[in-house]
Amino acid sequence: MKELYTEIIINTSPEKVWKVFSDFANYPNWNPFIIKVENEVKLNNKIKIVLQQPNGNSMKFNPTILDYENNRKLRWLGKLFVAGLFDGEHQFELIDNHDNTTKFIQKEKFKGILVPLFAKSLERETKLGFELMNRALKDMCEKI
């Protein structure tokens, strides 16, 4: 198993962060990492995601929504071909700091027999993608 974790403090309320974060149709305009989200993002639904890695490589996958709570959390599970090869459980979480700031957490747990082959790339490229998205989200939210 491999886990990535990032967080950033955004100087506004969770409701304002959620408004920007959950406007998936607008992702191509500001998000450098998740450049496309298709289909309705709701519990148990399959969505289509296109990621743009910092190294220029893109990746498409169709995760299933496991958890979706307005102003709080989005969690999905994506699989490469079949379960057990390379599975990623991705989570976004918003925590109200009760001072008009929000802690935005983005993390992912990777499991499967192929994970060791990609561990260095995940730590380098994928984690950087998380951080770039976090910063872009912060910038968008603090401009509003």
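Positions are given from 1, in the same order as the sequence printed here. Only a predicted model underlies this, so the values are computations on that prediction, with no experimental measurement involved.
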Legend entry - G56 backbone acceptor or donor facing Q52 side chain under 3.5 Å: yes
Legend entry - Result of checking W76, F61, F33, F110 against H90 for ring pair (Phe, Tyr, Trp, His ring centres under 6.0 Å): W76
Legend entry - Rounded distance [0.5 Å steps], NZ in K111 versus CG in D87: 8.5 Å
Inset, instruction - Starting at CD of E142, measure out to CD1 of I9 and round the result to the nearest 0.5 Å. - result: 10.5 Å
Inset, instruction - Without swapping roles, check the side chain of N71 against the backbone of W18 for a donor-acceptor pair under 3.5 Å. - result: no
Legend entry - Flag side-chain contact, heavy atom, 4.5 Å: K36 against I49: no
Inset, instruction - Would you confirm whether T6, through its side chain, and Q106, through its main-chain N or O, come within 3.5 Å as a donor-acceptor pair? - result: yes
Inset, instruction - Can you measure from CZ (R75) to NZ (K107) and round to the nearest 0.5 angstrom? - result: 9.5 Å
Inset, instruction - I would like to know whether T64 and N45 meet side chain to side chain contact (heavy atoms under 4.5 Å, CB included); could you show each step before the answer? - result: CA-CA 6 Å; T64 301; N45 215 26; over 6 Å; no
Inset, instruction - Please answer: with hydrophobic residues joined when any side-chain heavy atoms are less than 4.5 Å apart, are M140 and I34 in the same cluster? - result: yes
Legend entry - Minimum side-chain heavy-atom gap L122-K127 below 4.5 Å: no
Inset, instruction - Under 4.5 Å between side-chain heavy atoms, chaining through other members, with only Ile, Leu, Val, Met, Phe, Trp and Tyr counted: pull out the rest of the cluster around I35, sorted by chain and number. - result: V50
Inset, instruction - Please examine the side chains of L94 and K103, heavy atoms only from C-beta on, and report whether any two atoms are closer than 4.5 Å. - result: no
Inset, instruction - Output all residues satisfying ring-ring contact (aromatic ring centres under 6.0 Å, His included) with F104, sequence neighbours left out; order by chain, then residue number. - result: F21
Legend entry - Interatomic distance, R72 atom CZ to E15 atom CD [nearest 0.5 angstrom]: 11.5 Å
Inset, instruction - Check ring-ring contact (aromatic ring centres under 6.0 Å, His included) between Y27 and all other residues, then give those that pass, not counting sequence neighbours. - result: F24, W30
Legend entry - Approximate separation, where rounding is to 0.5 Å, of D99 CG and N11 CG: 8.5 Å
Inset, instruction - Indicate yes or no for a side-chain donor-acceptor contact from D96 to the backbone of H98 under 3.5 Å, with no hydrogens or angles considered. - result: yes
Legend entry - Close side-chain approach of K16 to C141, heavy-atom, < 4.5 Å: no
Inset, instruction - Indicate, with yes or no, if V115 and L80 share a hydrophobic cluster defined by side-chain heavy-atom contacts under 4.5 Å among Ile, Leu, Val, Met, Phe, Trp and Tyr. - result: yes
Legend entry - Close side-chain approach of S22 and Y68, heavy atoms under 4.5 Å: yes
Inset, instruction - Carefully, step by step, assess T126 and Q53 under the rule side chain to side chain donor-acceptor pair (under 3.5 Å). - result: CA-CA 7 Å; T126 305; Q53 296 280 22; 3.3 Å; yes
Legend entry - K73 with D67: basic N within carboxylate O range, under 4.0 Å: yes
Legend entry - Heavy-atom check, side chain of I47 versus side chain of P63, under 4.5 Å: yes
Inset, instruction - Output all residues satisfying ring-ring contact (aromatic ring centres under 6.0 Å, His included) with Y5, sequence neighbours left out; order by chain, then residue number. - result: none
Inset, instruction - Each residue besides L66 in its hydrophobic cluster should be listed here, by chain and number; the cluster joins Ile, Leu, Val, Met, Phe, Trp and Tyr at side-chain heavy-atom distances under 4.5 Å. - result: L77
Legend entry - Minimum side-chain heavy-atom gap K48-K60 below 4.5 Å: no
Inset, instruction - Would you kindly confirm whether L117 and L85 end up in one hydrophobic cluster when ILVMFWY residues are joined by side chain heavy atoms under 4.5 Å apart? - result: yes
Legend entry - Same cluster (ILVMFWY, side-chain, under 4.5 Å), L137 and L132: no
Inset, instruction - Give the other cluster members for L43, using side-chain heavy-atom distances under 4.5 Å between Ile, Leu, Val, Met, Phe, Trp and Tyr residues; answer none if it is isolated. - result: none
Inset, instruction - May I ask you to test the T12-T101 pair for a side-chain heavy-atom distance under 4.5 Å? - result: no
Inset, instruction - To the nearest 0.5 angstrom, please state how far the NZ atom of K138 sits from the OG1 atom of T102. - result: 10.0 Å
Legend entry - same_hphob_cluster(F130, I8) at 4.5 Å side-chain heavy-atom cutoff: yes
Inset, instruction - Give me the one residue out of E123, E108, E89 that meets salt bridge (charged side-chain N to carboxylate O under 4.0 Å, His left out) with K2. - result: E123
